[in-house]
Visitor: 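Pasting a structure below so you can have a look.
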Amino acid sequence: MWKFLLPMGAFVALAVLFAFGLNPNRDIHALPSPLIGKTAPLFHLTDVMDPARTVSNAALKGQVYVLNVWGTWCVACRQEHEALLDIARQNVLPIVGLDYMDQREKAQQWLTQLGNPYTAVGFDTDGRTAIDWGVYGAPETFLVDGEGRVIYKFISPMTPEVWQHDFLPRIQAARRSGA
Amino acid sequence: MKPAAAALAVFLALAAASTPMHAEPARALDDYGQLTNPALQARFEHITGQLRCLVCQNESIADSNVELASDLRRQVREMLLAGQSDDAIFKFMTDRYGEFVRFNPPLEAKTLLIWGAPFAMLLLGVFIVYRIVRQRSRLPLDDEPAPGSM
């Protein structure tokens, strides 16, 4: 009995391990965020378009919003830009941008030429806001509920499908729960 | 000789042409010197050597050249100068980047598996060897060549 069960058990264990470890759809660089369920870090930054204006998520208390981390150096951000514009047109919620490791003039040019999906874009000069949010690349997209808690983080370019499947249901649930 | 020289010229031209494409507007990394207090500098080196750079993942932030690592080194430096403990700095990092940021995660309930697995494997191996040895020692000593055969 053992002669059969032991190798069989070992085989099943290996098969499960490989199914997980060798899954081509798994993004090995996408790490779970410890921020999920916690209060979103506050930030006060200058607006990319108008340095005299302040962008802060304190003003968004009571609203479900999205924080999208991007930069003009980031090819995948260019790739997701159409999707963000499309989402902005649906007018579901405020999309706040966080311009990360960037130059202001380049960012302004990007938004003027490609269109601006953001309600406001904070300019993270020294990467401190990014550190607070546990950002380690771009694009990264956070979803924050009305009580100011981070409820979801998506690492990869945004697509209409991802928005449909991963974001909209969570937004609706967050709004239903009164948050 | 001639084709070789031509090939070299083409290669050099290509190399020259491709260089500007990599020349990103780089910001000087870590534009400050060592910490003046040697004890603090030693702690700085220890902590940054224990924190994973999440962009390159197998390099510590002490070794990595990417900007995130530079930003995190600055963060560690500032926290040290502000008199924060090593634990406070590690907690700051794990609160934001998760346990994965530490190369040497502390032994606690949720990390028990990664710390315990090698010992569990060792015990399993010892058990298997023990069983095989005991089984074999019970076999009759009949593997001596029978007289007359070769």
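First the proteins, then the strands, lettered A, B, ... as listed; each starts at 1.
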Visitor: Applying the 4.5 Å side-chain criterion to the ILVMFWY set and letting contacts propagate, would A/I95 and A/V162 be lumped into a single cluster?
Guide: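 In one cluster with A/I95: A/V162, yes.
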Visitor: Closest approach of A/P34 and B/G98, non-hydrogen atoms and distance?
Guide: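 Scanning both residues, the minimum pair turns out to be CG-N, 3.2 Å.
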Visitor: Are A/I36 and A/W133 connected in a single hydrophobic cluster, I mean Ile/Leu/Val/Met/Phe/Trp/Tyr linked by side-chain heavy atoms less than 4.5 Å apart?
Guide: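 Cluster IDs for A/W133 and A/I36 match.
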Visitor: Where on B/E99 is there a heavy atom nearer than 4.5 Å to chain A: the side chain, the backbone, both, or neither?
Guide: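 It is neither, since no heavy atom gets under 4.5 Å.
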Visitor: Should B/M79 and B/L81 be regarded as members of a common hydrophobic cluster, given that ILVMFWY residues are connected when their side-chain heavy atoms come within less than 4.5 Å of each other, either directly or indirectly?
Guide: yes
Visitor: In terms of hydrophobic clustering (I, L, V, M, F, W, Y; side-chain heavy atoms under 4.5 Å; direct or indirect links), are B/F100 and B/V76 co-clustered?
Guide: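 Yes; tracing contacts between hydrophobic side chains, which count when under 4.5 Å, links both residues.
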Visitor: Tell me, with the steps shown, if A/D126 and B/D71 meet side chain to side chain contact (heavy atoms under 4.5 Å, CB included).
Guide: CA-CA 8 Å; A/D126 49 14; B/D71 287 348; over 6 Å; no
Visitor: In Å, rounded to the nearest 0.5 Å, how long is the span from CG of A/D132 to CG of B/D95?
Guide: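 Nearest 0.5 Å value for the CG-CG distance: 10.5 Å.
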Visitor: Determine whether A/I131 and B/Y97 satisfy the following criterion, side chain to side chain contact (heavy atoms under 4.5 Å, CB included), listing intermediate values before the conclusion.
Guide: CA-CA 8 Å; A/I131 290 178; B/Y97 292 100; 3.9 Å; yes
Visitor: Just wondering, do A/Y136 and B/L72 contact through their side chains at under 4.5 Å, heavy atoms?
Guide: no
Visitor: Would B/F103 end up clustered with B/M93 when hydrophobic side chains under 4.5 Å apart are linked, directly or stepwise?
Guide: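 No, because B/F103 and B/M93 fall into different hydrophobic clusters, even though each may have its own neighbours under 4.5 Å.
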Visitor: Might you confirm whether atom CZ of B/R131 has over 12 heavy atoms from other residues, nucleotides or ligands at distances under 6.0 Å?
Guide: no
Visitor: So, taking the atom named NZ in A/K38 and the one named CZ in B/R96, what distance separates them when rounded to the nearest 0.5 Å?
Guide: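 The CZ atom of B/R96 is 10.5 Å from NZ of A/K38, to the nearest 0.5 Å.
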